[in-house]
Amino acid sequence: MLPVRGGDGRKLTVWGIRTTWSTVADGEFFCPGCGGDRNYRRRTGRRRFAVLGVPLLPRGTAGPVVECQACKERFDTDVLDHLTTTRFSAMLRDAVHTVTLAVLTAGGTASRSALEAAVTAVRGAGFQDCTEEQLEAVVDALATDEGRLGLYDGPECCGAALSIELHEALEPLAPHLAGPGRASLLLQGARIALADGPYIPAEREVLATVGAALHMGADEVTRLLSAVRAP
C-alpha cells in the first residue's frame with residue numbers, strides 16, 4: 001500500500017494490494033506461537049489491487065494458511081502435521097498398552113512379578129484403573145483369538161497378526177518421538193519381559209518388532225535390551 005498524509009496528519013492509503021481471506025476449514029492444532037493446543041482456521045486469500053481501500057483488479061491468490069484463533073498468527077499448512085498434545089498423549093498411552101499386551105502374550109501371565117511390572121507401565125501411561133486381573137483376562141482372551149494378536153507358531157516366531165498390531169500402534173507415533181522417547185518405550189517392554197527372569201526367544205522377537213516399528217536399528221535394539229538386567 002502507498003500511504004500519504006491527509007490534512008489532519010493521519011496516514012491515508014491511496015493504492016496497493018489488499019488480501020481478502022476466506023475460511024475453508026477449521027479444527028484443533030498445536031500452535032507454535034501459543035505453545036499449546038488451540039483452535040485454528042484454514043484460510044485462503046484473494047489479492048486485489050485497491051485504490052483508496054476499494055478492491056478493483058484481481059492479483060492472484062494467497063495461502064492457504066493456518067490461522068490460530070487465539071494469537072491470530074498465520075502459519076504454513078505443514079504445521080498441522082504436528083500432533084496436538086491431547087492426540088500425542090492418547091497415542092502414547094495406546095502404544096504402551098499394546099507393547100505391554102504383546103510382551104505378556106509372548107511370555108505368559110503365570111508370573112506375578114511380570115504382571116506387576118505390566119500394571120505399573122500401563123498405569124504410568126494413563127490407564128489409572130488398570131489391574132493385574134484385567135491384563136491377565138485380556139491376554140487370555142487374545143490367546144484364544146488368533147484373528148487379533150495371533151499366536152506363536154514356534155518359540156522364535158512373532159505371529160504375523162501380532163506384528164501388524166504393533167506396527168499399527170507404534171509407526172504413526174515414531175516420527176513424533178525423540179531417540180530417548182523411543183528407547184524408553186522399548187525399555188518398558190524389556191522390563192516387563194525381564195521381571196520373571198531372562199528373556200525367552202518369543203519375548204526377544206516381540207521386542208525386536210517393537211524396535212523396528214519405532215524405526216530403531218537392530219544394533220541399537222540389541223544394545224538396549226542387553227543393557228537391562230533382570231531383577
Side-chain angles (χ1 to χ4, degrees), residues 29-30 37 78-109 114-128 130 135 138-139 142-143 148-231:
F29 80 132
F30 183 88
D37 294 350
D78 58 8
V79 73
L80 298 179
D81 295 335
H82 194 295
L83 294 177
T84 64
T85 303
T86 302
R87 178 60 179 155
F88 177 79
S89 297
M91 290 177 66
L92 184 59
R93 182 177 64 245
D94 291 343
V96 171
H97 191 255
T98 302
V99 170
T100 298
L101 291 177
V103 173
L104 287 178
T105 300
T109 57
L115 279 172
E116 289 175 353
V119 168
T120 298
V122 173
R123 285 180 176 174
F127 291 104
Q128 298 294 336
C130 177
L135 286 181
V138 173
V139 172
L142 294 174
R148 182 167 173 79
L149 285 185
L151 298 177
Y152 291 89
D153 299 324
E156 297 182 4
C157 179
C158 178
L162 173 59
S163 177
I164 292 172
E165 191 85 5
L166 287 169
H167 279 276
E168 288 179 347
L170 301 178
E171 282 191 335
L173 179 64
H176 304 283
L177 288 173
R182 293 192 292 270
S184 176
L185 189 51
L186 174 70
L187 292 177
Q188 285 188 47
R191 294 187 184 97
I192 296 170
L194 290 172
D196 58 353
Y199 303 113
I200 63 174
E203 290 171 338
R204 280 192 173 274
E205 185 70 15
V206 164
L207 293 170
T209 302
V210 170
L214 290 172
H215 302 166
M216 301 172 69
D219 291 343
E220 182 183 6
V221 171
T222 299
R223 176 180 59 80
L224 289 170
L225 296 183
S226 299
V228 186
R229 296 286 181 254

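Residue numbers run from 1 in the order of the sequence given. What you are looking at is a predicted structure, and each value in this text was computed from that prediction instead of being measured.
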Legend entry - More than 12 heavy atoms from other groups under 6.0 Å of CZ on R87: no
Legend entry - Flag if over 12 foreign heavy atoms under 6.0 Å of CG, D78: yes
Legend entry - Whether H82 and F30 hold their rings parallel, tilted or perpendicular, with breakpoints at 30° and 60°: parallel
Distance check, rounded to the nearest 0.5 Å: [X] atom [atom1] versus [Y] atom [atom2]?
X: L224; Y: L207; atom1: CG; atom2: CG; result: 10.5 Å
X: T222; Y: R204; atom1: OG1; atom2: CZ; result: 7.5 Å
X: T84; Y: M91; atom1: OG1; atom2: CE; result: 10.0 Å
X: T100; Y: H97; atom1: OG1; atom2: NE2; result: 7.0 Å
X: I200; Y: L194; atom1: CD1; atom2: CG; result: 11.0 Å
X: T98; Y: L170; atom1: OG1; atom2: CG; result: 7.0 Å

Tell me the closest heavy-atom pair linking [X] and [Y], and the distance in Å.
X: I192; Y: A121; value: CD1-CB, 4.1 Å
X: E203; Y: V103; value: CG-O, 4.4 Å
X: G189; Y: V99; value: CA-CG1, 3.9 Å
X: H215; Y: A174; value: ND1-CB, 3.8 Å
X: L225; Y: A190; value: CD2-CB, 3.8 Å
X: R182; Y: L214; value: CD-O, 2.8 Å

Inset, instruction - Please answer whether the main-chain N or O of F127 pairs with a side-chain N or O of R93 as donor and acceptor at a distance below 3.5 Å. - result: no
Legend entry - side chain to side chain contact (heavy atoms under 4.5 Å, CB included) assessment of V206 paired with Y199: CA-CA 11 Å; V206 164; Y199 303 113; over 6 Å; no
Legend entry - Chi angles and distances behind the side chain to side chain contact (heavy atoms under 4.5 Å, CB included) call for Q188, V96: CA-CA 8 Å; Q188 285 188 47; V96 171; 3.7 Å; yes
Inset, instruction - Tell me, with the steps shown, if L115 and L104 meet side chain to side chain contact (heavy atoms under 4.5 Å, CB included). - result: CA-CA 8 Å; L115 279 172; L104 287 178; 4.2 Å; yes
